[in-house]
Structures are given as structure tokens and as C-alpha cells.
Amino acid sequence: MKFYTIPAGPFEVNTYIVFNDNVDNAEETKNGRKEGFIIDPGGQENKIEKIIKDENIDLKFILNTHCHIDHVIMDNYFKEKYGIDIIAAKEEEYILKNLEEQAEYLGFEYTGDVFIDRYLKDGEIIEIEGIKILPIFTPGHSPGSVSFLVNDKHLFSGDTLFKNTIGRTDILGGSSEQIISSIKNKLMVLDDALKVYPGHGEPTTIGYERKFNPYLI
Ligand SMILES: [Zn+2]
């Protein structure tokens with residue numbers, strides 16, 4: 001598995017393009033195309049499309065860690081461009097109902113309503129060639145915030161867990177008790193060595209956050 005991190009949009013959302021770079025006998029089966037997906041497309045579409053083309057990625061779906069506007073602003077664009085589904089937790093429909101207000105408030109150009117095509121289920125693995133995605137529901141930043149554990153090796157934590165901090169909980173159904181409980185009970189039970197890739201900023205590890213994150217001590 002390989003991935004690219006592309007900070008995108010005015011809030012520098014980490015958009016991730018994740019794909020299987022270990023394609024055996026691909027030549028005969030699908031002209032070397034590598035199955036993959038995109039997490040939280042927030043902009044930089046030209047750069048992303050170039051990566052998809054250059055790496056010969058067969059984009060399967062869009063995953064949203066949650067549906068605040070900075071994380072979903074390019075969902076419809078990629079959905080139409082590649083004919084793929086938007087996948088997120090049903091609980092985020094509450095956030096999507098407020099998209100236009102969020103756009104206005106945060107200065108985004110509103111590009112239309114976003115609809116979830118497929119709902120995630122807590123603990124129900126999604127599989128593509130060479131990649132297993134385990135959705136871990138971690139509500140608190142928003143009601144349907146999800147972290148994705150990919151191939152047991154990489155945790156994409158959205159706006160739940162950041163390096164040295166946690167997601168804000170003062171907007172649209174956020175809850176500080178819930179986010180702390182989610183992180184402690186669902187993420188801090190994972191291996192110390194596990195790499196964490198947040199929705200904004202630098203990567204970290206579970207072990208580092210266990211030791212140094214002031215919200216978790
Ligand atoms: Zn957010």
C-alpha cells in the first residue's frame with residue numbers, strides 16, 4: 001500500500017490518495033491499474049488527478065472521515081469525474097444539512113449539496129485489492145466522525161486526533177466528553193507504534209499521543 005498526502009484548500013485539509021502498489025500479474029488482468037481511494041478531498045484537484053493518472057490508480061470510492069465543508073468540498077467533483085460513491089457515516093447527514101451555512105461562515109464557494117451514497121458501519125471492513133479498511137467510529141468532533149485503520153498499519157484519524165491536540169467540539173453537534181471517550185476507548189487501545197495521519201497537520205503515532213497529548217493525560 002502506498003499513499004500521498006495533499007494539504008488542500010484554505011484550511012489545508014490533508015487529502016489522502018491511498019492505493020495498492022503491490023499489483024501482481026497486473027499486466028494481464030487490468031493493465032497494471034492499482035485499486036485505490038481518496039480520503040477527504042478538499043481541493044488541489046489538478047495535482048490529485050495527475051497522481052491518479054501517473055500512478056495508474058483505479059479510484060474506487062471517496063471516504064469521508066466526517067462531513068465538515070473543508071473535508072467534502074470536492075466530493076461531488078471527484079464523484080462525477082470518476083463515477084464513484086461517497087462513503088461516510090449516516091450520522092454526518094446532520095452536518096451535510098448545514099453545508100451552505102458552513103460555506104458562508106467559513107468563506108468557501110458553495111458548490112452544491114453533498115449526499116452520502118453508502119453508509120459506513122462501525123467495525124465493518126471495506127476491502128479492495130490489497131487493502132483492508134476498518135472504520136472505527138470516533139464521534140465527538142462531529143456526530144459521525146470516523147477514523148480509518150488501513151491494513152492494520154495506518155490510522156487516518158480525521159479531525160478526531162491530531163499531533164499534540166484533539167479536534168474542536170464547539171460546532172454542530174460536537175461533544176468534548178464524547179471525543180475524549182472515543183480517543184481513549186477506541187484509539188488509545190491500539191498499538192503504540194501505529195502511525196496516525198490526521199485531517200490537518202503532521203502525522204504522529206498512538207504511542208506519542210499517549211505520552212504527550214495534553215488532552216489525554
Ligand atoms: Zn472538521
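As the structure lists them, so they are numbered: ligands from 1, and atoms in each ligand from 1. Only this structure's heavy atoms are used, side chains among them; waters, hydrogens and symmetry mates stay out.
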Going through the distances and angles, do Asp58 and Ile128 end up as a side-chain contact (heavy atoms from CB on, under 4.5 Å)? CA-CA 10 Å; Asp58 178 11; Ile128 58 172; over 6 Å; no
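- Taking the Zn ion (ligand 1) as reference, His141 places its N/O/S atom NE2 nearest.
- His68 has its closest N, O or S atom to the Zn ion (ligand 1) at the position named ND1.
- In the hydrophobic cluster analysis, where Ile, Leu, Val, Met, Phe, Trp and Tyr join through side-chain heavy atoms closer than 4.5 angstrom, Val150 is grouped apart from Val196.
- Under 2.8 Å from the Zn ion (ligand 1) lies an N/O/S atom of Asp159, whether from backbone or side chain.
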May I have the step-by-step check of side-chain contact (heavy atoms from CB on, under 4.5 Å) for Ile52 and Tyr82, ending in yes or no? CA-CA 11 Å; Ile52 291 169; Tyr82 295 98; 3.6 Å; yes
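- Among the candidates Thr160, Thr138, Thr65, the single residue satisfying the side-chain hydrogen bond (donor to acceptor under 3.5 Å, both in side chains) test with Ser147 is Thr138.
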